[in-house]
> 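One structure, as structure tokens, below. Some questions next.
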Number of protein chains: 2
Amino acid sequence: MNDSSSTHHRLGDLQLRILKVLWSVPEASVADVHGRLQSTQPLAYTTVATLLRRMEARGLVAHREQGRSFVYRATVEASEVGASLGHRMVEQVFEGSLTDAVSHLLRTRDVRREELDALEKLIREAKRRTR
Amino acid sequence: MNDSSSTHHRLGDLQLRILKVLWSVPEASVADVHGRLQSTQPLAYTTVATLLRRMEARGLVAHREQGRSFVYRATVEASEVGASLGHRMVEQVFEGSLTDAVSHLLRTRDVRREELDALEKLIREAKRRTR
DNA sequence: ACACATTTATGACAGTTGTAGTACTACAAC
DNA sequence: GTTGTAGTACTACAACTGTCATAAATGTGT
């Protein structure tokens, strides 16, 4: 497959939250990211700037210069990062059993009816593909 | 619900692997844990001992003394830790959509037919419960 | 008693993460 | 041109993680 799991081997919470912002828009300046995060948690501007620079060094984001400011974009996809976390959860915690993992998700998350319908459809499709 | 997410806020890889061992048996001495891990990765005995002691300080494991050696057991359940990882994955990466998260799991994991059947059953049960 | 093995306790160190203060740079307005 | 202002770069630091080496304690065998 790829070495995605090695690149974002261990992502901290703030880094994940920053990525989350960057996944929701095509690009964002430091001020933009800071503003978005600020709404949930007070953070110094420089904290965000520092994290973004460190994350760029690790290849998680990239920037272009617009005037005197940097405009960042994510260079990893949510699905890649999700794969890491999902793999970790399924393999390490649930001994490789996807069923157990999903079962747990269902039990601990209070899912709405439409979600269940969507999931059912999803699985039927997967079955069709596997047949 | 509870504050489980605060206790094992950020678990490192080795800690997770140690817990995995401790989840697979009722209890295990340091040597046992070390032996199990040794098979996949060369590790100094003291590394494991140190980690276990640190983990006990954080309430992740506990020990009793048997003669001169410590016998550890996990004090958190796999499902608790799975909840953290699952929550993190679903909320932060997949914007709260369990469907997207599971969909991703299905696509990236090459699931066997029986797993799909089990999942389908799981969802039907969840539906019945919600009705 | 003495050497050897087993096991826990401490101390150390490098790398990462969150956090932010300080410093430097460049433009904007007067 | 001096003064804000906004932005990046650098430095620092505490907490945590993985990693051990070394020390200290407590057996075991002969």
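Throughout, protein chains are lettered first and strands after them, A, B, ... in sequence-line order, and every chain is numbered starting at 1. This is a predicted model, so every value here is computed, not measured. FYI, side chains are in, hydrogens and waters are out, and symmetry mates aren't considered; it's all heavy atoms of this structure.
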> In whole Å, I'd like the distance from the CD atom of A:Glu65 to the P atom of C:dT25.
15 Å
> Closer than 4.0 Å, any side-chain N/O of B:Arg58 to the OP1 or OP2 of D:dT17?
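Answer yes for this pair, as a side-chain N or O of B:Arg58 is under 4.0 Å from OP1 or OP2.
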> I'd like to know if the side chain of B:Thr75 and the backbone of B:Gly59 have a donor-acceptor N/O pair within less than 3.5 Å.
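Yes, the answer is positive, given that a donor and an acceptor are paired below the 3.5 Å cut-off.
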> Could you check whether A:Arg109 pairs with B:Glu91 (Lys NZ or Arg NE/NH1/NH2 to Asp/Glu carboxylate O, under 4.0 Å)?
yes
> Under a 4.0 Å N-O cut-off, is there an ion pair linking A:Glu27 with A:Arg64?
yes
> Could you tell me the separation between the CZ atom of B:Arg68 and the C1' atom of C:dA5, rounded to a whole number of Å?
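Result: 11 Å.
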> Name the pairing partner of C:dC30, where a pair is Watson-Crick or G-U wobble with both distances under 3.5 Å, or state none.
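Here C:dC30 is engaged in a pair, and the nucleotide opposite it is D:dG1.
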> For A:Thr46 and A:Ala49, indicate whether the former's side chain and the latter's backbone hold a donor-acceptor pair under 3.5 Å.
no
> In whole angstrom, give the distance that lies between atom CD of A:Gln66 and atom P of D:dA6.
17 Å
> Do we see a donor-acceptor contact under 3.5 Å between the side chains of A:Arg54 and A:Gln15?
no
> Thinking salt bridges, do B:Lys127 and A:Glu115 make one under a 4.0 Å N-O criterion?
no
> For A:Ile18 and C:dT17, give me the distance from atom CD1 to atom C1', rounded to whole Å.
11 Å
> Counting distance alone, no hydrogens or angles: does the base of C:dG18 have a donor or acceptor under 3.5 Å from a partner atom on the side chain of A:Arg54?
yes
> Let's go through B:Ser103 and B:Asp100 carefully: what are the C-alpha distance in whole Å and the side-chain angles of both, what is the deciding distance for side chain to side chain donor-acceptor pair (under 3.5 Å) to 0.1 Å, and is it a yes or a no?
CA-CA 5 Å; B:Ser103 159; B:Asp100 287 356; 5.7 Å; no
> Give, ordered by number, those residues of residues 38-52 of chain B having at least one heavy-atom distance below 4.0 Å to an atom of DNA chain C; if nothing qualifies, reply none.
B:Tyr45, B:Thr46, B:Thr50
> What is the distance, to the nearest angstrom, from the CZ atom on A:Arg17 to the C1' atom on C:dG18?
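Atom CZ in A:Arg17 sits about 10 Å away from atom C1' in C:dG18.
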> Write down the distance between CE (B:Met55) and C1' (D:dG18), rounded to a whole number of angstrom.
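After rounding, the reported distance stands at 13 Å.
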> Would you please confirm or rule out a distance under 4.0 Å between OP1 or OP2 of D:dT8 and any side-chain N or O of A:Arg53?
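For A:Arg53, the contact criterion (side-chain N or O under 4.0 Å from OP1 or OP2 of D:dT8) is not met.
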> Between D:dG7 atom P and A:Phe70 atom CZ, what is the distance in whole Å?
12 Å
> C:dG15 P sits how many Å from B:Arg10 CZ, rounded?
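My rounded result for the distance is 19 Å.
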> Let's test this: given Watson-Crick or G-U wobble pairing with both distances under 3.5 Å, identify the partner of D:dT11.
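Pairing partner: C:dA20.
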